[in-house]
S.K.: 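I am attaching a structure below and will ask some questions about it afterwards.
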Amino acid sequence: MELYPPKPPRDRRHLISVADLDRDDVERILQTAEGFESVMHRDLKKVPTLRGRTVMTVFFEPSTRTSSSFELAAKRLSADVVSLKASGSSVDKGESLRDTVQTLSAYDPDVIVIRHSSVGAAARVTEATDAHVVNAGDGCHQHPTQCLLDLYTMRAERGSLDSLHVAIVGDVAHSRVARSNIQGLRLMGAKVTLVGPPTLIPRDAASLGVEVRHDIGAIAAADVVYVLRMQKERMAAGAAYVPSLREYTALWGVTSARVRPGQLVMHPGPMNRGIEIAADVADGPNSRVADQVRAGLVVRMAVLYDLLAGPRPGAKAALRPVAVAAEEVA
Ligand code: NCD
């Protein structure tokens, strides 16, 4: 007997970028996530859907929300979960991304969820493993599951994303969340306005099909005010993007005086309270920050389900009806 018989090639789909998805994919994932809501309200919040499957989460950057929600999502689906943080692992000893992924791949995981500070890291991982790969954030490039959970939250509130007006405020230039959300919102028919100082708005913004405004007053016209964190860790040392944080707050901070009744305020977290968002807005009636975190769980369950139990590549015409997915988890 061969000790390591060659494995049959796996049909693999990955979620590296929102560009991997079309409108039907987004609809299907959001509907599957809705189907999982009922599981969250049970005493036993677990379904056997991914029993016997293995999900590995590998975080080379700090994370609270994303890592905990992927881990819990996989556990709620009964998958076996291995969670690796770079600090405390062999990465601390200088092991390369490729070696780490190859080592973990020897356990034959079904999904690897990866966060890394380099643009393109998740795409590179697809070359070093047989697993489905989910990008949980690569530098300032993409964060597709954050986009999906934001779309889910907005749709739950407003019913439809078509013609919804979303103002994305702040440090767009360094934000993978902004890049993914611009793509996702445009795909689903929403209108996007970027608001912030010229130094923090990417120069190619106009080519992304969005409106750009530099005055904070522009948020008044939006249905949703999506606030971004000032990403100090991604700003080149010594480069002055804003004269000072105090001045940034005075000119672009989202305060209760700048938010009108009925507007939704969202933030991917972690928040710098008192800098990009005032504490009373973060905790106030317009805030949907806690809903975003809750949505993260069902949306990531839906993403894992979709990759492992959903349609095969090229089989879009034969999509399993969402009702089947919902029944399976009921
Ligand atoms: C975001 C990230 O890591 O890109 N956070 C998150 O995933 N919830 C946004 C940020 O760090 O500002």
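These numbers come from the heavy atoms of this one structure, side chains and all, not from hydrogens, waters or symmetry mates. Worth saying up front: this structure is predicted, and the values here are computed from it rather than measured. Remember, it's 1-based here, ligands and their atoms both numbered in the order they're listed. FYI, the numbering just counts along the sequence from 1.
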S.K.: So that I can tick it off, tell me whether R13 and D20 are bridged by a salt bridge, with the cut-off set at under 4.0 angstrom between side-chain N and carboxylate O.
M.R.: no
S.K.: Give the table of side-chain donor-acceptor pairs shorter than 3.5 Å for residues 162-172, with sequence neighbours excluded, one pair per line with atom names and distance.
M.R.:
from: H165; atom 1: ND1; to: A221; atom 2: O; distance (Å): 3.2
from: H165; atom 1: NE2; to: T193; atom 2: OG1; distance (Å): 2.7
from: D171; atom 1: OD1; to: H174; atom 2: N; distance (Å): 3.2
from: D171; atom 1: OD1; to: H174; atom 2: ND1; distance (Å): 2.8
from: D171; atom 1: OD2; to: H174; atom 2: ND1; distance (Å): 3.3
from: D171; atom 1: OD2; to: Q231; atom 2: N; distance (Å): 2.9

S.K.: Looking only at non-hydrogen atoms, find the nearest pair between D138 and H141 and report the distance.
M.R.: OD2-ND1, 2.7 Å
S.K.: Only pairs at least two apart or in different chains count here, so list each salt bridge (Lys or Arg N to Asp or Glu O under 4.0 Å) that has a residue in residues 192-206.
M.R.: none
S.K.: N or O contacts of ligand 1 with protein under 3.5 Å, please list pair by pair.
M.R.:
from: ligand 1; atom 1: 3 (O); to: R115; atom 2: NH1; distance (Å): 3.4
from: ligand 1; atom 1: 3 (O); to: R115; atom 2: NH2; distance (Å): 3.2
from: ligand 1; atom 1: 3 (O); to: R176; atom 2: NH2; distance (Å): 2.8
from: ligand 1; atom 1: 4 (O); to: R176; atom 2: NE; distance (Å): 2.7
from: ligand 1; atom 1: 4 (O); to: R176; atom 2: NH2; distance (Å): 3.3
from: ligand 1; atom 1: 5 (N); to: G269; atom 2: O; distance (Å): 2.8
from: ligand 1; atom 1: 7 (O); to: T66; atom 2: OG1; distance (Å): 3.0
from: ligand 1; atom 1: 7 (O); to: R115; atom 2: NH2; distance (Å): 3.0
from: ligand 1; atom 1: 7 (O); to: H143; atom 2: NE2; distance (Å): 2.8
from: ligand 1; atom 1: 8 (N); to: P268; atom 2: O; distance (Å): 2.9
from: ligand 1; atom 1: 8 (N); to: G269; atom 2: O; distance (Å): 3.3
from: ligand 1; atom 1: 11 (O); to: R229; atom 2: NE; distance (Å): 3.3
from: ligand 1; atom 1: 11 (O); to: R229; atom 2: NH2; distance (Å): 2.9
from: ligand 1; atom 1: 12 (O); to: R229; atom 2: NE; distance (Å): 2.7
from: ligand 1; atom 1: 12 (O); to: R229; atom 2: NH2; distance (Å): 3.4

S.K.: Can you pull out every side chain to side chain donor-acceptor pair (under 3.5 Å) where at least one residue sits in residues 250-265? Sequence neighbours excluded, please.
M.R.: S256-D280
S.K.: Distance check, rounded to the nearest 0.5 Å: N272 atom CG versus I277 atom CD1?
M.R.: 10.5 Å
